[in-house]
Amino acid sequence: MIRAERHDRILAELARRGTVSAQELSKLLDASLATIRRDIAELESRKSVTRTHGGASLPQGREELPFDAMVMSYLPEKRRIGAAVASALQDGITVGVGGGTTVMQMIPAIQRRSLTVVTTAINVALDLRTADDIEVTLTGGTLRRRTAETVGHIAERTLRDINLDVTVIGVDGIDPEKGLTTQDSNEAYVNRVMAEQAREVWIMADHSKFGEVRPAKIMPLTGASRIFTDIGLPEEVAARYRALGIEVVRV
């Protein structure tokens, strides 16, 4: 296993568990302790992890997990969710797309589709630049570097001028009472505007997001038409959300 793959696996374990020992990583990755310690030191230099006595943990006192840790967290589930959302989109429609690591997993599956995509995320626009049958509108605005999303009044003004068939949003928290939430208030506001411009709002979230509440509210849960999640979400939990009139797709 090459170094980059080991780093991805280490971050994936930390995203799931919060802390992990070097001994455990050594067995998991079939690598020597010396190699694992060098990997941890390198990840710490990138501020992705914090070295602990005998292992590593995610950095404390941050508003969000490191982006590369979030990318690897529940990656197989996110890929299934992304494929399911892509297959549910009809050709010829206009789709509003936010950013986030789950939403990014939809992009490879729509490369050969015929769509108009309006996005706040620079990385989404870049990944679609070679898709010949997809027209891409990037909203512009103030760049939030951590997630490559644009926010602020320029992004809002662009969105207010466009009518969307479907808006697809990734979230950090889903709760029946607190609604759909995320970490950053600027991103939350732009996502809310994008949702207001759409006939339907689809939410992408792996099962770990359910029952979580983050600081910035995007919108009430009742504003969502569909939630795409994975089979890690118990059926009885999904039933509670269906009782609110929301279609829940588990993949």
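Judged as a salt bridge (Lys or Arg N to Asp or Glu O under 4.0 Å), not a single pair has a partner in residues 126-141 (not counting sequence neighbours). Note on residues 229-241: pairs passing salt bridge (Lys or Arg N to Asp or Glu O under 4.0 Å), not counting sequence neighbours, are Glu235-Arg242, Glu235-Arg250. Note on residues 18-29: pairs passing salt bridge (Lys or Arg N to Asp or Glu O under 4.0 Å), not counting sequence neighbours, are Arg17-Glu24. For residues 103-120, the pairs satisfying salt bridge (Lys or Arg N to Asp or Glu O under 4.0 Å) are Asp91-Arg113, with sequence neighbours left out.
When atom types are taken as modelled, the side chain of Ser26 and the backbone of Gln23 share no donor-acceptor pair closer than 3.5 angstrom. With hydrogens and angles disregarded, no donor-acceptor distance shorter than 3.5 Å links the side chain of Thr137 to the backbone of Val118. Using modelled atom types, no side-chain atom of Gln197 and backbone atom of Asn163 make a donor-acceptor pair closer than 3.5 Å. Between the side chain of Thr142 and the main chain of Gly152, no donor-acceptor pair closer than 3.5 Å is present. In this structure, the side chain of Glu187 does not engage the main chain of Asp184 through any donor-acceptor pair within 3.5 Å. A donor-acceptor contact shorter than 3.5 Å links the side chain of Arg192 to the backbone of Lys217. Counting only distance, with no hydrogens or angles, the side chain of Thr181 and the backbone of Arg214 share a donor-acceptor pair below 3.5 Å. A donor-acceptor contact shorter than 3.5 Å links the side chain of Thr119 to the backbone of Ala121. Of the possible donor and acceptor atoms, none in the side chain of Asn191 sits under 3.5 Å from a partner among the backbone N and O of Ile218.
Checked for salt-bridge contact, Glu13 and Arg9 miss the test: no charged N lies under 4.0 Å from a carboxylate O. Salt bridge status for Arg51 with Glu44: present, with a side-chain N to carboxylate O gap under 4.0 Å.
In this structure, Phe228 and Trp202 have tilted ring planes: the angle between them lies in the 30° to 60° band.
Linking ILVMFWY residues whenever their side-chain heavy atoms come closer than 4.5 Å, directly or via other members, places Val20 and Leu43 in the same cluster. Clustering ILVMFWY residues whenever any of their side-chain heavy atoms sit less than 4.5 angstrom apart, transitively, puts Ile154 in a cluster other than the one holding Val190. No chain of hydrophobic side-chain contacts below 4.5 Å, direct or via other Ile, Leu, Val, Met, Phe, Trp or Tyr residues, connects Val95 to Val201. Put simply, Ile169 and Val136 are part of two different groups of oily side chains (I, L, V, M, F, W, Y) that touch within less than 4.5 Å, one to the next. Leu128 and Ile122 are not part of a single hydrophobic cluster, where members link through side-chain heavy atoms under 4.5 Å apart.
In terms of heavy atoms, Gly98 sits closest to Met194 at N-CE, 3.6 Å. Summarising the geometry of Ala224 relative to Leu180, their closest heavy-atom pair is CB-CD1, 4.4 Å, with the distance given to 0.1 Å. Here the closest non-hydrogen pair linking Val251 and Ala84 is CG1-CB, 3.7 Å. Closest non-hydrogen pair, Ala205 versus Ile174, comes out as CB-CD1, 3.7 Å. Between Gly140 and Ala155, the shortest heavy-atom contact is O-CB, 3.2 Å. Across all non-hydrogen atoms, the minimal contact from Met204 to Thr102 is CE-O, 3.4 Å.
Here the CZ-CG distance, from Arg80 to Asp206, works out to 10.0 Å after rounding to the nearest 0.5 Å. Put simply, CD1 on Ile40 and NE2 on His7 are 9.5 Å apart, with the number rounded to the nearest 0.5 Å. A distance of 10.5 Å separates OG in Ser208 from CG in Leu233, rounded to the nearest 0.5 Å. For the atom pair CD1 (Ile227) and CD1 (Ile246), the distance works out to 4.5 Å, reported to the nearest 0.5 Å. Atom CD in Glu247 sits 4.5 Å away from atom CZ in Arg226 (nearest 0.5 Å). Taking CD1 of Ile93 as the reference point, atom CG of Leu89 lies at 5.0 Å (rounded to 0.5 Å).
Within the 4.5 Å cutoff, the side chain of Thr120 has no heavy atoms near those of the Val151 side chain. Residues Thr35 and Arg6 meet the side-chain proximity criterion, which asks for heavy atoms closer than 4.5 Å. Counting heavy atoms from C-beta outward, Thr147 and Thr101 have side chains that stay 4.5 Å or more apart. Between Thr229 and Val248 there is a side-chain heavy-atom pair separated by less than 4.5 Å. No side-chain heavy atom of Asp165 sits under 4.5 Å from any side-chain heavy atom of Glu200.
In Glu212, the CD atom is crowded: over 12 heavy atoms of neighbouring residues, nucleotides or ligands sit closer than 6.0 Å. Atom CD1 of Ile231 has 12 or fewer heavy atoms from other residues, nucleotides or ligands within 6.0 Å. Surrounding CZ of Arg3 are at most 12 heavy atoms belonging to other residues, nucleotides or ligands under 6.0 Å away. A 6.0 Å sphere centred on NZ of Lys178 holds no more than 12 heavy atoms belonging to other residues, nucleotides or ligands.
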Thr139/Thr150 under side-chain hydrogen bond (donor to acceptor under 3.5 Å, both in side chains): CA gap, chis, key distance, verdict
CA-CA 7 Å; Thr139 61; Thr150 56; 3.0 Å; yes
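Looking at residues two or more places apart in sequence or on another chain, you find a ring-ring contact (aromatic ring centres under 6.0 Å, His included) between Phe210 and Tyr241. Residues satisfying the salt bridge (charged side-chain N to carboxylate O under 4.0 Å, His left out) criterion with Arg38, sequence neighbours excluded, are absent altogether.
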